[in-house]
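Quick caveat: nothing in here was measured; it's all calculated off a predicted structure. Side-chain atoms are counted along with the backbone in the values below, which use heavy atoms only and exclude waters and symmetry mates. Reminder, nothing fancy here: chain letters follow the sequence lines and each chain counts from 1.
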Amino acid sequence: MNFLCYLDRGCVVRIWTQHPACVKLMTDMAVQLPLSDTKTSPAKDVEQPRASIRLAYKHPLAIRWMHWVNFPVLFIMIWSGLLIYWNDSDNAHQYAHQVYRVGIGRFTLFRFFPPWFYDKLHVPNHVTQGLSYHFLFFWVFAINGLLYVAFTAFSGEWRFLLPQRQSLKDAIQVILVDLHVCKELPAQTKYNGAQRIAYTSVLVMGAGMLLTGLAIYKPTQAHWLTTLCGGYELARWLHFWITISFLGFFLLHVGQVVLAGWNNFRSMVSGYEIQRAEAPSLEKERESWR
Amino acid sequence: MSDEAQLLPPEAESAAEPVTAAPALEQTPAEESPSETSVEDALLRSHMLAHETADATVLSQSRKHTRRSFVVAGVGVAGSYGFYKYLHRSGNEQEMLPPLLRKSYEFNASVARNVLDTHALAPTYPLSRAENLRVNGRCGLNKELVMDSYRMQLVGMANDERHPRYVNDVTAWEYKYKADESSGGTGHDSKTDPSTSSTAKTAPQEAIEDAQKDENRTGRRPRGMEEAGESASTLEPNTPGLLLTIPDITSKLKRYELVTQFKCIEGWSQIVHWAGYRMADFLEQYPPKTIDGKEPKYVYAETPDGDFYNGYDMYIMRHPQTLLVTEMMGAPLTQYHGAPLRLHLPTRYGYKQIKRIGLICYTNDKPDDYWTRLGYDWFGGL
């Protein structure tokens with residue numbers, strides 16, 4: 001940074017703030033420059049006054065933990081669910097119900113999943129394992145999810161997460177950019193419109209998983225919930241198709257993370273993302289909520 | 001801030017600009033004059049250098065954070081792998097499930113017993129939606145029972161020694177069977193692939209050999225010949241109790257009908273029309289003997305051959321929808337559906353709904369259960 005300074009008798013000096021001579025001059029004259037806002041900026045952002053980049057605190061510790069706890073837990077839930085699901089296909093001679101069938105009328109396109117799929121994955125005959133893991137780890141999934149909702153609600157992070165009025169429009173634009181149709185990404189804070197919609201949907205899906213799961217698990221003791229889901233069979237159908245949606249989200253999410261690159265991925269581990277110095281500060285926005 | 005030096009506001013700066021530019025009236029900007037270039041170059045270079053140093057500081061801080069958090073992540077991954085190993089560590093051979101998973105089943109059961117509503121009724125359906133239940137396994141029903149030889153062994157009833165049906169050893173009762181295979185067909189058994197001769201699973205070879213030795217010694221058919229083997233709760237010889245006929249059981253009880261959904265742990269379900277007698281009423285007629293001044297906590301049931309067995313909480317036996325079934329879909333039970341008497345509980349999975357009840361025993365010891373031995377949840381509550 002440089003600026004002009006006029007001294008006595010109309011003498012004008014250009015001051016380079018980084019030049020040693022100028023620094024000495026400024027120190028001598030006790031010039032305070034409005035450069036370093038370290039005092040006003042929150043402690044979590046790591047800023048170097050003269051740097052062109054800074055470390056932006058993107059993901060709070062709690063969110064990172066919950067995110068990564070969910071990764072193996074969701075894997076266990078989906079895998080054990082598959083072991084449970086296979087059991088129903090045991091009766092190869094008589095499809096007892098149509099829950100996992102995809103087709104119209106009498107025409108069946110396919111059923112989840114073809115026999116080779118199960119054989120290759122060595123799924124058969126592990127239903128007891130599937131059931132026991134499913135009914136242990138759903139607690140972890142539920143508690144983790146509830147903690148996430150509570151944390152997001154109380155910390156104010158929901159402001160980054162929930163879709164806003166313009167999110168749908170933004171999301172369409174983001175998709176167009178991803179498809180190389182247009183170039184300019186819409187303005188965003190932590191998440192863009194597409195992310196807001198996707199991450200909120202996945203939260204709703206998680207809640208749907210727990211509710212349909214409970215409706216299947218306790219169709220007598222929680223019969224009101226089962227009825228609300230449209231009955232036992234429909235609850236099973238919903239539970240299965242939300243799982244498929246989860247898998248869809250997972251593929252999209254991992255794909256996008258790969259495309260977004262290391263800086264973004266690392267921020268979900270360390271919390272910090274390297275940002276251009278002039279980029280809007282998330283921490284300042286967080287400050288503004290308090 | 002000191003008054004000696006003033007930072008110029010933007011207007012002042014632009015106003016001051018002509019002063020420096022004044023000596024060179026040509027369009028040449030002030031910076032390009034030779035005398036200034038060297039100074040400004042030096043300034044610029046030091047300026048850039050300062051920027052680079054600052055950026056490098058940011059990057060090194062980033063690396064510090066990254067290192068630290070990846071170490072924590074590594075510890076987390078190692079920890080969860082350790083937990084996985086611990087969880088997977090094979091438990092008691094008999095129990096098949098690792099202990100922690102078994103415990104989690106018990107925890108879930110206690111939540112279902114103590115937090116959720118144990119009096120909740122399962123939904124019922126219009127009769128028009130009911131259909132014939134499929135036969136899904138013939139465990140404990142491999143031979144056709146001669147109905148005249150049917151007796152229900154009842155153990156643990158209060159003052160049973162005064163009952164006319166009291167005997168000193170209920171286990172001595174001999175059930176008679178017509179043939180090895182049912183003469184009435186398999187009863188649309190969907191478990192067996194018609195293209196293969198059999199998918200039947202049997203008890204471990206060792207157990208079969210031991211049982212054979214016993215049979216040779218005692219001259220009686222061995223018990224527990226199915227996959228899970230013999231029940232740990234099966235009666236000892238010389239156990240006293242009642243031997244009840246079907247009229248003994250049903251003649252004084254009120255008949256109920258119920259259209260409920262039968263749910264299998266395999267994932268399928270069917271709406272079925274049942275008729276029979278409330279287990280709660282049976283418990284009134286044949287009340288359990290108190291143990292230490294309290295009602296026993298469990299009920300144990302077995303098929304006549306002892307191949308299949310279930311254990312229940314006493315409270316669920318008193319649930320109004322727990323039926324001793326004699327008829328299904330408006331007709332008497334067939335052999336493969338558990339004639340002459342089976343249990344239906346819409347509050348439990350099908351694997352807890354024993355067919356062809358040969359024994360009912362009131363007990364305070366948590367009873368053994370066929371499918372629990374094969375790794376399923378003992379509770380099985382819906």
Side-chain angles (χ1 to χ4, degrees), chain A residues 2-7 10 12 14 16 18-20 22 26 29-34 46 48-55 68 72 84-85 87-88 90-94 96-97 99 127-129 131-133 135-136 139 218-223 226-227 232-233 236 266 269-272 274, chain B residues 1-2 4-8 13 16-17 19-20 42-43 46-47 50-51 54-55 57-59 61-62 65-66 68-70 73 76 80 96-97 100-102 104-105 108 112 116-118 120-123 134 190-191 193-194 261 263 265-270 346-347 374-377 381-382:
Chain A
N2 68 81
F3 58 91
L4 296 163
C5 186
Y6 74 93
L7 307 169
V12 179
R14 187 181 288 274
W16 289 94
Q18 273 84 35
H19 192 275
C22 297
M26 289 190 302
M29 298 193 306
V31 175
Q32 286 185 352
L33 299 174
V46 180
Q48 281 289 313
R50 288 170 292 274
S52 63
I53 51 172
R54 64 188 170 81
L55 285 187
W68 287 113
I84 296 170
Y85 166 62
N87 208 34
D88 189 47
D90 189 17
N91 293 280
H93 329 293
Q94 181 178 329
H97 60 74
V99 169
V127 64
T128 52
Q129 223 178 63
L131 288 163
S132 55
Y133 276 83
F135 295 139
L136 170 59
W139 285 109
K218 298 292 166 197
T220 298
Q221 292 192 299
H223 56 85
T226 314
T227 308
Y232 186 67
E233 292 298 332
R236 286 178 58 82
R266 183 185 49 203
V269 181
S270 71
Y272 290 93
I274 297 173
Chain B
M1 182 185 282
S2 163
E4 283 154 311
Q6 291 152 306
L7 293 173
L8 294 184
E13 188 175 338
E17 200 73 55
V19 182
T20 41
L43 286 168
S46 76
H47 173 69
H51 263 309
D55 285 2
T57 312
V58 172
L59 288 176
Q61 275 167 335
S62 168
H65 280 296
T66 308
R68 195 185 298 165
S69 54
F70 270 86
S80 36
M96 283 189 70
L97 274 185
L100 188 64
L101 291 177
R102 184 63 79 192
S104 76
Y105 268 149
N108 290 350
L116 300 176
D117 179 13
T118 51
L121 293 179
R134 78 194 206 195
S190 60
K191 203 73 175 172
D193 185 342
Q261 194 171 35
K263 297 178 186 76
I265 191 101
E266 289 176 356
W268 54 271
S269 60
Q270 285 182 294
T347 52
L374 296 177
Y376 290 81
D377 180 18
L382 288 166

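With rounding to the nearest 0.5 angstrom, the OG1 atom of A:T226 is 9.5 Å from the CD atom of B:Q261. Here B:L101 contributes atom CG and A:T128 contributes atom OG1; the two are 9.5 Å apart, rounded to the nearest 0.5 Å. A distance of 3.5 Å separates CZ in A:R266 from OG in B:S62, rounded to the nearest 0.5 Å. With rounding to the nearest 0.5 angstrom, the CG atom of B:L382 is 7.0 Å from the NZ atom of A:K218.
For A:A51, the side chain to side chain contact (heavy atoms under 4.5 Å, CB included) partners two or more places apart in sequence, or in a different chain, are A:Q48, B:A54, B:D55, B:V58. Every residue meeting the side chain to side chain contact (heavy atoms under 4.5 Å, CB included) condition with B:I265, not counting sequence neighbours, appears here in chain and number order: A:L131, B:Y349, B:Y351, B:Y376.
Using a 4.5 Å cut-off between heavy atoms, A:P72 does not touch chain B at all. The part of A:W139 that comes within reach of chain B is its side chain, from C-beta onward, which places non-hydrogen atoms under 4.5 angstrom from that chain. In this structure, no portion of B:S80 lies under 4.5 Å from any heavy atom of chain A. Of the two parts of A:V127, only the side chain, counted from C-beta on, holds a non-hydrogen atom closer than 4.5 Å to a non-hydrogen atom of chain B. For B:P346, the part lying under 4.5 angstrom from a heavy atom of chain A is the backbone only.
B:L121 and A:H223 get closest at one heavy-atom pair: O-CD2, 3.6 Å. When every heavy atom of B:A112 is checked against every heavy atom of A:Q221, the shortest pair comes out as O-NE2, 2.9 Å. Between B:S104 and A:S132, the shortest heavy-atom contact is OG-O, 4.4 Å.
Side-chain N or O atoms of B:Q61 include none that pairs as donor or acceptor with a backbone N or O of A:L55 at under 3.5 Å.
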